[in-house]
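Shown next, in structure tokens, is the structure this report addresses.
It should be emphasised that the depicted structure is a prediction, and the values quoted were computed from it without experimental measurement.
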Amino acid sequence: MTSLVAPAPPWSDVWGQDQAVEILQTAASGTAALSHAWLITGPPGSGRSTLARAFAAALIASGPDDAATMRQVLAGTHPDLTALRTEGVIITIAQARSLVERSYFSPSTGRYRVIVVEDADRMTERTSNVLLKALEEPPPETIWVLCAPSDADLLPTIRSRVRLLRLREPEVADVAALIQARTGVDAATAEQAARHAQRHIGMAQRLATDPASRRRRDETLRAVLRVRGIGDVVEVAGEIVQAAGDDAKALTAERDEAERASLLRTVGVVEGARIPPAVRSQITALEDEQRKRATRSLRDGIDRVLTDLQSLYRDIVLLQLGREEGLINLELLDDLRALASAWKPQRTLVVLDHIAETRDALEQNVQPTLALESLLVTIVSGRKP
């Protein structure tokens with residue numbers, strides 16, 4: 001089991017990635033191991049972004065005792081850190097050009113200027129091409145750190161210009177122990193959350209501490225299991241989209257209101273007062289950004305549902321192959337056994353293929369309800385429409 005003892009700052013929030021931390025610590029110390037561009041890959045929840053920011057803090061700080069600079073970098077307020085975490089569907093060309101422009105600035109106070117791109121897999125080909133020259137020939141005091149689930153998510157031309165660092169995937173028991181230590185939930189809740197989250201640390205923490213999230217997950221999977229005919233398809237697809245929308249609202253509503261209140265305070269407008277015409281454009285711009293974030297959040301919510309469905313039908317395949325160890329959805333074991341007996345493995349594999357295709361289709365802006373209806377037809381019939 002991975003040790004729960006936190007490493008020294010700025011690596012304190014990085015968990016379960018001892019080898020990666022050692023590599024980046026060595027690189028940040030100013031040795032020849034420092035590359036001008038890095039790509040950190042790992043499954044969702046493995047800590048890519050946390051590790052990238054810790055690396056940035058170590059690079060920008062004057063040394064391991066420069067705690068003030070490290071705290072500023074980790075808080076995202078240091079002038080030599082530029083971090084992009086898109087909350088839209090894609091990283092735009094304009095965002096990429098802005099990153100490239102900043103990459104040519106000399107560090108203001110730190111040893112290096114660091115550009116962190118947390119969702120590099122959301123770059124289109126045209127956007128990736130904007131970064132190519134900057135990645136290939138950056139100034140000597142600029143370091144790029146890209147993050148993505150897999151190096152296959154980026155163009156070969158990008159991959160050839162970065163040093164790849166792959167993160168390990170933690171075990172369920174490791175994640176459960178961490179969640180229990182962080183939140184104080186009981187061992188059974190922590191284990192179930194880690195298992196249902198498929199070892200995604202952030203999602204496991206949310207499931208462990210938010211009963212509504214656990215309930216929505218359970219209700220969604222049970223709704224799919226009860227689909228018996230085409231007549232159920234439209235109803236259940238609507239329920240899934242509604243559940244994903246409720247989940248997205250729960251994640252964004254409080255933040256949206258806090259952002260609006262902060263903006264009004266900044267411009268000196270008292271809560272409840274009439275908004276002056278000069279401020280309305282700023283409010284409109286904020287609302288536009290929040291709508292884009294809501295769209296991304298909804299798609300991410302549906303993608304989480306599809307990830308849960310993959311775990312469901314993966315469990316069925318394991319049962320069909322005579323294996324019960326490593327099942328994710330133990331609470332639904334009786335239903336899973338019934339389907340495993342009623343279906344042939346080939347049919348389950350067809351469903352898994354269609355789930356993967358549906359996830360890809362949603363990234364291409366396919367209408368979510370139609371995509372889910374098509375998937376549910378496959379689940380009902382065993383054949384793709």
Side-chain angles (χ1 to χ4, degrees), residues 36-41 44 48-53 55-57 59-60 73-108 110 112-139 141-162 248 251-252 255-256 259-260 262-263 281-300 303 360 362-365:
H36 66 278
W38 296 74
L39 171 60
I40 300 175
T41 67
R48 300 185 304 258
S49 300
T50 302
L51 185 61
R53 287 180 179 269
F55 185 35
L59 287 167
I60 293 171
V73 175
L74 293 174
T77 58
H78 196 283
D80 292 329
L81 170 70
T82 301
L84 174 62
R85 181 184 183 185
T86 181
E87 290 172 325
V89 175
I90 61 170
I91 292 175
T92 66
I93 291 178
Q95 288 173 316
R97 285 176 176 157
S98 177
L99 292 178
V100 170
E101 180 180 344
R102 291 192 67 83
S103 75
Y104 287 102
F105 294 170
S106 297
S108 57
Y112 294 96
R113 175 168 296 280
V114 182
I115 313 292
V116 175
V117 184
E118 295 190 12
D119 302 291
D121 54 306
R122 293 184 184 175
M123 292 190 296
T124 64
E125 182 173 353
R126 289 179 61 200
T127 305
S128 297
N129 288 334
V130 172
L131 296 186
L132 283 179
K133 185 172 178 59
L135 287 174
E136 188 172 25
E137 300 175 0
E141 295 177 324
T142 293
I143 307 295
W144 287 82
V145 185
L146 311 183
C147 303
S150 166
D151 55 316
D153 294 319
L154 278 71
L155 293 178
T157 48
I158 294 287
R159 299 200 300 266
S160 67
R161 289 164 170 80
V162 299
L251 286 171
T252 61
R255 179 178 173 183
D256 288 353
E259 287 176 343
R260 180 184 174 89
S262 176
L263 174 59
S281 61
Q282 298 178 57
I283 295 291
T284 299
L286 174 63
E287 290 173 347
D288 286 343
E289 286 301 311
Q290 290 176 341
R291 276 193 292 272
K292 291 176 184 177
R293 184 167 67 208
T295 299
R296 181 73 245 181
S297 185
L298 174 60
R299 292 186 183 278
D300 287 346
D303 189 69
D360 290 340
L362 288 173
E363 287 297 325
Q364 304 301 319
N365 291 327

Check against side chain to side chain contact (heavy atoms under 4.5 Å, CB included), Arg53 and Val145: CA-CA 9 Å; Arg53 287 180 179 269; Val145 185; over 6 Å; no

Please confirm whether the backbone N or O of [Y] pairs with a side-chain atom of [X], one donor and one acceptor, at under 3.5 Å?
{"X": "Arg159", "Y": "Asp151", "value": "yes"}
{"X": "His36", "Y": "Leu135", "value": "yes"}
{"X": "Gln95", "Y": "Thr92", "value": "yes"}

Beyond-backbone contact of [X] with [Y], side-chain heavy atoms, under 4.5 angstrom:
{"X": "Arg48", "Y": "Pro149", "value": "yes"}
{"X": "Val116", "Y": "Leu84", "value": "no"}
{"X": "Val114", "Y": "Ile60", "value": "yes"}
{"X": "Phe55", "Y": "Leu59", "value": "yes"}
{"X": "Leu154", "Y": "Ser128", "value": "no"}

Which residues pass the side chain to side chain donor-acceptor pair (under 3.5 Å) test with [X], not counting sequence neighbours?
{"X": "Ser150", "answer": "none"}
{"X": "Thr77", "answer": "none"}
{"X": "Ser103", "answer": "none"}

Partner residues of Ser108 under the side-chain contact (heavy atoms from CB on, under 4.5 Å) criterion, sequence neighbours left out: Pro79, Asp80

Contacts of type side-chain contact (heavy atoms from CB on, under 4.5 Å), residue Val130, not counting sequence neighbours: Ile93, Ala96, Arg97, Val100

Mind checking the [atom1]-[atom2] spacing from [X] to [Y]? Nearest 0.5 Å is all I need.
{"X": "Glu141", "Y": "Phe105", "atom1": "CD", "atom2": "CZ", "result": "14.5 Å"}
{"X": "Leu81", "Y": "Ile143", "atom1": "CG", "atom2": "CD1", "result": "13.0 Å"}
{"X": "Asp121", "Y": "Ile158", "atom1": "CG", "atom2": "CD1", "result": "12.5 Å"}
{"X": "Arg161", "Y": "Leu155", "atom1": "CZ", "atom2": "CG", "result": "10.5 Å"}
{"X": "Met123", "Y": "Asp153", "atom1": "CE", "atom2": "CG", "result": "10.5 Å"}

Considering all heavy atoms, the nearest Tyr104-Ala134 contact: OH-CA, 3.6 Å

Considering all heavy atoms, the nearest Asp119-Arg85 contact: OD2-CG, 3.5 Å

Worked check of side chain to side chain contact (heavy atoms under 4.5 Å, CB included) between Leu146 and Ile40: CA-CA 6 Å; Leu146 311 183; Ile40 300 175; over 6 Å; no

Side-chain donor-acceptor pair present, Thr124, Thr127, cut-off under 3.5 Å: yes

Side-chain donor-acceptor contact under 3.5 Å, Arg113 with Thr142: no

Partner set under ring-ring contact (aromatic ring centres under 6.0 Å, His included) for Trp144, not counting sequence neighbours: none

